[in-house]
Participant: 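Starting off with a structure, shown below.
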Amino acid sequence: METSTIVWIIVGIVVVIAIAVVIWLLTSRQRREAHLESERRKAAELRQSAYETDVARREREAEAARAAAAAKQAEADAAQAQLESERLARESAGHQSDAEKLRTEASERLQKADAVDPDVDTDRRAGVDADRRADVTAAERGTVHDKHDAAHREQDAAHAADAADADRDRHVDDTQRRDTETGRRI
């Protein structure tokens with residue numbers, strides 16, 4: 001073999017090796033770029049996921065703040081209702097006390113009327129002497145007796161009105177308690 005043939009073979013081998021190195025370098029660079037692009041995509045996906053998670057976190061914090069505000073409002077409403085209930089209870093107790101005073105006063109007046117009325121036989125009237133009874137004229141007896149009867153009639157009328165109100169309330173309760181599907185009373 002001649003030297004020129006050997007040189008050409010060596011040159012051919014060197015050229016093939018150089019081409020292989022160039023191809024390897026080009027594909028290596030492309031692989032590296034592809035790898036870097038893949039890493040960039042992963043980083044972008046992670047950033048997007050972190051952003052979505054942060055948005056979800058902020059939404060939950062806002063919901064928690066709204067729930068806390070609603071709870072505080074409910075507590076304030078409950079406290080207000082409690083204060084209103086206590087005020088109404090005090091007012092009711094005051095009205096009840098006033099009613100009791102008026103009842104006592106009316107009872108005392110009726111007792112005084114009975115004590116003054118010559119037609120009513122009470123222990124106090126039994127001790128009054130006959131001369132005093134004679135001084136009271138028949139007209140005065142009728143007037144006192146009429147006033148006493150009128151007081152009793154007013155008291156009876158008030159009791160009758162209370163009973164009528166109670167009956168009406170009971171009737172309203174009964175009519176309101178009906179089955180919604182059939183219309184029958186429950």
Participant: If the condition is side chain to side chain contact (heavy atoms under 4.5 Å, CB included), which residues does Arg29 pass it with, not counting sequence neighbours?
Facilitator: none
Participant: Please check this pair: side chain of Ser107 against backbone of Arg103, looking for a donor-acceptor N/O pair closer than 3.5 Å.
Facilitator: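 No, Ser107 side chain to Arg103 backbone: no donor-acceptor pair under 3.5 Å.
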Participant: Can you sort out the partners of Thr104 under side chain to side chain contact (heavy atoms under 4.5 Å, CB included), two or more places apart, ordered by chain and number?
Facilitator: Glu100, Glu108
Participant: What salt bridge (charged side-chain N to carboxylate O under 4.0 Å, His left out) pairs are there with at least one residue in residues 62-72, not counting sequence neighbours?
Facilitator: none
Participant: Transitive ILVMFWY cluster of Leu102 at side-chain heavy atoms under 4.5 Å: who else is in it?
Facilitator: none
Participant: What pairs meet the salt bridge (charged side-chain N to carboxylate O under 4.0 Å, His left out) rule with one or both residues in residues 76-91, with sequence neighbours excluded?
Facilitator: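 Matches after skipping sequence neighbours: Glu84-Arg87, Arg87-Glu91.
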Participant: Should the pair Arg57-Glu61 be classified as a salt bridge under the 4.0 Å nitrogen-to-oxygen rule?
Facilitator: yes
Participant: Test: side-chain hydrogen bond (donor to acceptor under 3.5 Å, both in side chains). Region: residues 35-49. Which pairs qualify, not counting sequence neighbours?
Facilitator: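 Residue pairs passing side-chain hydrogen bond (donor to acceptor under 3.5 Å, both in side chains), neighbours aside: Gln48-Glu52.
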Participant: Not counting sequence neighbours, which residues clear side chain to side chain donor-acceptor pair (under 3.5 Å) with Arg58? List them please.
Facilitator: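 Arg58 satisfies side chain to side chain donor-acceptor pair (under 3.5 Å) with Asp54 only.
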Participant: Test of understanding: with side chain to side chain contact (heavy atoms under 4.5 Å, CB included), list the residues that count as partners of Leu25, not counting sequence neighbours.
Facilitator: Val21
Participant: Go through the structure and list residues passing salt bridge (charged side-chain N to carboxylate O under 4.0 Å, His left out) with Arg32, not counting sequence neighbours.
Facilitator: none
Participant: With sequence neighbours left out, what residues match Ile13 under side chain to side chain contact (heavy atoms under 4.5 Å, CB included)?
Facilitator: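 Applying side chain to side chain contact (heavy atoms under 4.5 Å, CB included) to Ile13 gives Ile9, Ile17.
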Participant: Got a sec, which residues hit salt bridge (charged side-chain N to carboxylate O under 4.0 Å, His left out) with Glu75, two or more places apart in sequence or on another chain?
Facilitator: none
Participant: Tell me, please, which residues at least two apart from Gln96 pass side chain to side chain donor-acceptor pair (under 3.5 Å).
Facilitator: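 Listed in chain order: nothing, the list is empty.
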